[in-house]
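The structure appears right after this line, and notes come after that.
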Amino acid sequence: MRRVVSLFLPHLAIERLRRLDRSALRPPERAALLLPVDADPGTCSVPRGGGWRPGARWARIDAPTRETVEHQIEALPGHARPPMRELGRRSEAASHPFKAGAISDVSGAGRAGSIVDQAPLALIGKVGRREEVVAACASAAALGIHAGMAATHARALVSDLDFRASEPEADAQLLDRLALLAVRRWTPIAAVTPSDGLYLDLTGCDHLHGGEERFCRRLRAFCQRAGFTARVAVADTVGAAHALARFGPADLTCAPVGRSGDAIAALPIAALRLSDTALGAARKFGFERIADLLPVARGPLARRLGLAAITRLDQALGSVAEPITPREDAVVPSVERRLLEPIATAEAIAQVMEDLLGDLAEVLQARGLGVRSLRLSGLRVDGSQQVVAIGTSRPTREVSHLLRLLKLRIEQIDPGMGLEQFRLVAPHTEPLDAVDLGAVLAGETLVRDPARLVDVVAGRIGARSVFRIAPVESHVPERAIVCADPVVAPGDWPAWVRPARLLARPEPLFQVIALLPDQPPRRFEWRGKLYRIVAGDGPERIHGEWWRRDAEVWAVRDYYRVEDETGGRYWVFRRGDGFEADTGDLSWWMHGLFG
C-alpha cells in the first residue's frame with residue numbers, strides 16, 4: 001500500500017525572514033549594543049554595583065505617576081505596548097522582571113529574539129496591477145492585516161507595520177533545498193508542493209525510520225529546530241495527505257491504511273485543491289464538506305462543479321492515480337529514455353535495459369564510479385510506475401553483468417497497457433578505477449572474481465541468503481563464527497576439529513547412557529530416534545567466557561566426537577565436569593554433525 005507524507009509549512013515566507021533577522025544578530029554585535037559600565041558614576045543615587053529596586057526613593061523623584069504612565073500606554077497601538085510584567089503587575093508564576101532583563105542582557109539572545117519574534121511583519125507582492133499583502137505574521141494578523149489586502153489599505157491601517165517585499169524565488173529555493181535533503185536522507189521520492197510544503201513517498205521506507213508516526217514526529221522536530229512551523233500528515237494518496245496537512249484537526253495526522261476517505265470526509269471542500277470557481281459553485285449548491293460530495297453521482301456533480309473538481313476528488317480517494325515527480329539529485333547518476341510507442345513485451349523491456357545501461361556506463365566512466373545498486377522505474381500509460389532494483393557486492397559498471405541482473409527482475413514488472421518512459425538511477429556508487437573485468441591468470445590456475453556469481457545467486461534467492469562463514473576469536477563454538485560478506489576472504493581458521501554443520505542452537509538428548517566422568521555416550525535418543533554409538537573420541541573441555549556474564553564463571557562443556565552403527569558422526573557435549581555441581585547439570589546436547 002502506498003503511503004504519502006505531506007509536509008505543510010504555513011508561514012514559510014515569514015519565518016524565513018525571521019531566520020535571516022536572527023542570523024544578523026551575531027554575539028559580537030549584540031555585545032556592542034550593551035552600555036559600558038562606568039567605574040565612577042559621579043553624583044548618582046544608584047548604589048555602585050547595582051542592587052537597586054523600583055520602589056527606591058531615587059526612582060520616585062520627578063517620576064510620572066502610575067495614572068500618567070497608563071494613559072501613555074493606552075495611547076500606543078497594541079503591538080507597541082510593553083508587556084504587563086514591566087509595569088510591576090507580574091503574577092506569582094512570572095519571574096522577576098529585572099532579573100530576567102539582566103539574564104537577557106548577558107546572553108544577548110532572549111530580549112533581542114523576543115523583539116524579532118513579536119514585531120509585526122507583512123510581505124507585499126504584486127498581484128496583477130496592484131500590490132497586495134501575500135503573507136502576514138500572527139502579530140500583524142491581530143492588527144487586522146490579512147493576505148489579499150491591498151498594500152495601501154494595510155499601510156493606512158497600521159502606519160508603523162514592517163512591510164517587506166515578497167521573495168517567492170528565495171522561498172522556492174529553500175523548498176528545493178529541503179526536497180533535496182529529503183531525497184538524500186529520508187526517501188528517494190520527494191517533491192515540492194508549490195509554495196508551501198513537500199510531498200514524501202514513504203512507501204517501503206517507513207521501517208527505516210521507526211514507523212510512520214515516529215518519522216513524522218522527527219520531521220516536525222527537525223522543522224522546529226530550523227525555525228519553521230510545520231504540519232505533517234500521512235495518507236494513502238497525495239490528495240488525502242495534502243488535505244489532512246492543511247485542514248486536519250491536529251498538527252500531526254496519520255490516517256489508517258485504507259481509510260483515507262473516512263479521514264478526509266469531515267474536512268471542508270477547500271481541502272480538495274479546487275479552483276475559486278468550483279468553490280463558489282459548491283457554496284451555491286450547499287456543499288460544505290467532502291462528505292457531502294460522496295453520495296452525489298459523478299455526472300450531475302461534474303456539471304455543477306466541473307470535471308477538474310471530480311478529478312481532484314477521485315485523486316484524494318485513490319480512484320485516479322496521482323504520481324509524484326521526484327526531485328532529481330544532480331549528484332546521483334541517472335539516464336532516461338522516452339519511447340515513441342508503449343512497449344509491453346519482455347524482449348522490448350530487455351532491449352531498453354541494455355540501452356540504458358550503455359548510457360549509464362558512459363556517465364559512470366566519466367566520473368570514475370562503479371554502481372553498488374541500481375533502480376529502474378518504468379512509467380505506464382495510465383500514470384502509475386513500476387520500480388525494480390538490484391544490488392552488487394562490488395562496484396562495477398560492466399554492462400553485460402548488470403544486464404543479466406536486471407533481466408532477473410523483468411518478471412516483476414507489470415506493463416499493463418504499456419510502458420512509455422524508463423529511468424535508470426544509481427543511488428549508491430563507489431569509486432572504481434580501471435580494472436580487468438575478465439579472468440586473471442595466476443600461474444597455471446584460472447582465477448575468477450566470485451562477485452559475479454554472488455550477484456546472480458543473490459538476485460534469485462535474496463541478498464541475505466548469500467553469505468560466507470568467517471572465524472571469530474572465541475572458544476565457545478556458537479560464538480566462534482559469524483556471517484560475513486561472501487566476496488571477502490575470511491581469516492585463518494583455528495587448528496581444532498569442528499563439524500561441517502553446526503546447529504543454530506544445541507538440542508537436548510534423552511535416554512543417554514554414559515560412564516562418568518570422561519567416557520563418551522554409548523546410547524542416546526535425538527529427535528525421537530535412538531542412536532547406538534560404536535566409537536567415540538574425547539573429551540574436549542571448553543570453559544565458559546567468564547568475562548561476558550557471571551553464569552559462565554564455572555560453566556564447563558565436555559565435547560565428544562561419536563559415530564553410530566550406521567556410520568553417522570556427531571558432535572555432542574555434556575554440561576559439567578562430572579565432579580562439581582556448579583559446573584553443570586550433566587545434561588547431554590547435540591551441537592553439530594560431521595560430513
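- Nearest heavy-atom pair, Leu121 versus Ala140, reported as atom, atom and distance to 0.1 Å: O-CB, 3.6 Å.
- You'll find the side chain of Ile264 reaches within 4.5 Å of the side chain of Leu244, heavy atoms only.
- Using a 4.5 Å cut-off on side-chain heavy atoms (C-beta onward), Asp196 and Leu12 make no contact.
- With sequence neighbours excluded, the residues forming a salt bridge (Lys or Arg N to Asp or Glu O under 4.0 Å) with Glu430 are Arg372, listed by chain and number.
- In this structure, the side chains of Leu360 and Pro333 come closer than 4.5 Å at one or more pairs of heavy atoms.
- Put simply, CD1 on Ile145 and CZ on Phe163 are 5.5 Å apart, with the number rounded to the nearest 0.5 Å.
- Between Thr253 and Val232 there is no side-chain heavy-atom pair separated by less than 4.5 Å.
- In this structure Arg184 satisfies the salt bridge (Lys or Arg N to Asp or Glu O under 4.0 Å) test together with Asp329, sequence neighbours excluded.
- Not counting sequence neighbours, the partners of Val134 by the side-chain contact (heavy atoms from CB on, under 4.5 Å) test are Leu123, Ser166.
- Counting heavy atoms from C-beta on, the side chains of Leu313 and Arg298 come closer than 4.5 Å.
- For the side-chain contact (heavy atoms from CB on, under 4.5 Å) test, residues two or more places apart in sequence or in another chain that qualify with Ser384 are Arg380, Asp382.
- Side-chain contact between Pro120 and Val158: absent, with no pair of heavy atoms (C-beta onward) separated by less than 4.5 Å.
- Residue Leu402 holds its CG atom at 12.0 Å from CG of Leu376, rounded to the nearest 0.5 Å.
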Donor-acceptor pairs are to be reported for all side-chain atoms of residues 282-295 against protein atoms at under 3.5 Å, with residues two or more places apart or in another chain.
from	atom 1	to	atom 2	distance (Å)
Asp292	OD2	Glu288	N	3.2
Asp292	OD2	Arg289	N	3.1

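- Within the model, atoms CG of Asp201 and CD1 of Ile324 stand 5.0 Å from one another, a figure rounded to the nearest 0.5 Å.
- The nearest pair of heavy atoms linking Gly148 to Arg130 is O-NH2, 3.5 Å.
- Take Ser377 and apply the side-chain contact (heavy atoms from CB on, under 4.5 Å) test, not counting sequence neighbours, and it matches Val387, Arg423.
- With sequence neighbours left out, Ser6 forms a side chain to side chain donor-acceptor pair (under 3.5 Å) with Arg246.
- Side chains of Arg259 and Asp262 form a contact here, defined as non-hydrogen atoms less than 4.5 Å apart.
- Scanning for salt bridge (Lys or Arg N to Asp or Glu O under 4.0 Å) contacts around Glu167 gives Arg16, with sequence neighbours left out.
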**OP:** Output, in order, the C-alpha distance, side-chain angles, deciding distance and verdict of side-chain contact (heavy atoms from CB on, under 4.5 Å) for Leu181 and Phe222.
**Re:** CA-CA 12 Å; Leu181 175 66; Phe222 169 79; 3.4 Å; yes

Original post:
After noting the C-alpha distance and the side-chain angles of Cys223 and Leu9, does the key distance pass the side-chain contact (heavy atoms from CB on, under 4.5 Å) rule?
Top reply: CA-CA 9 Å; Cys223 294; Leu9 303 174; 4.3 Å; yes

Subject >> Derivation of the side-chain contact (heavy atoms from CB on, under 4.5 Å) call for Leu7 and Phe228 >> reply: CA-CA 11 Å; Leu7 173 63; Phe228 296 101; over 6 Å; no

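- With values rounded to the nearest 0.5 angstrom, Arg397 atom CZ is found 4.5 Å from Leu432 atom CG.
- Atom-to-atom distance recorded for Leu424:CG and Leu356:CG is 5.5 Å, nearest 0.5 angstrom.
- Asp276 is linked by a salt bridge (Lys or Arg N to Asp or Glu O under 4.0 Å) to nothing, counting only residues two or more places apart in sequence or in another chain.
- Between the CG atom of Leu198 and the CH2 atom of Trp186 there is a distance of 8.0 Å, given to the nearest 0.5 Å.
- Residue Gly248 comes nearest to Arg231 through the heavy atom pair O-NH2, 2.7 Å, listed as atom of the first residue, atom of the second, then distance.
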Compile the donor-acceptor pairs under 3.5 Å between side chains in residues 233-240 and protein atoms, sequence neighbours left out, one pair per line.
from	atom 1	to	atom 2	distance (Å)
Asp236	OD1	Arg3	NH1	2.4
Asp236	OD2	Gly258	N	2.6
Asp236	OD2	Ser260	OG	3.4
Thr237	OG1	Ala240	N	3.2
Thr237	OG1	Ala316	O	2.8

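- In this structure, the side-chain contact (heavy atoms from CB on, under 4.5 Å) partners of Gln421, at least two apart in sequence or on a different chain, are Glu336, Arg338, Leu379.
- The aromatic rings of His209 and Phe215 are tilted relative to each other, their planes meeting at an angle between 30° and 60°.
- Across all non-hydrogen atoms, the minimal contact from Pro427 to Leu374 is CD-CA, 4.3 Å.
- Taking 4.0 Å as the cut-off between side-chain N and carboxylate O, Arg214 and Glu212 do not count as a salt-bridged pair.
- In this structure, Arg164 places its CZ atom where more than 12 heavy-atom neighbours from other residues, nucleotides or ligands lie under 6.0 Å away.
- Heavy atoms only, all atoms of each residue included: Ala271 and Leu267 are closest at CB-CB, 4.2 Å.
- Taking every heavy atom of both residues into account, Gly378 and Phe422 meet most closely at CA-CD2, 4.1 Å.
- In this structure a side-chain-to-backbone donor-acceptor pair under 3.5 Å is missing from Thr392 to Ser373.
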Please set out all donor-acceptor pairs under 3.5 angstrom arising from side-chain atoms of residues 301-312, sequence neighbours excluded.
from	atom 1	to	atom 2	distance (Å)
Arg304	NH1	Pro300	O	3.2
Thr311	OG1	Leu307	O	3.1
Arg312	NH1	Gln315	OE1	3.3

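- Each of Val192, Leu175, Asp176 was evaluated against Arg327; a single residue qualifies, Asp176, per the side-chain contact (heavy atoms from CB on, under 4.5 Å) test.
- Listed for the Gln386 side chain is a donor-acceptor partner under 3.5 Å among the backbone atoms of Asp414.
- Proximity of Ile269 to Leu279: side-chain heavy atoms (C-beta onward) are separated by under 4.5 Å at one or more points.
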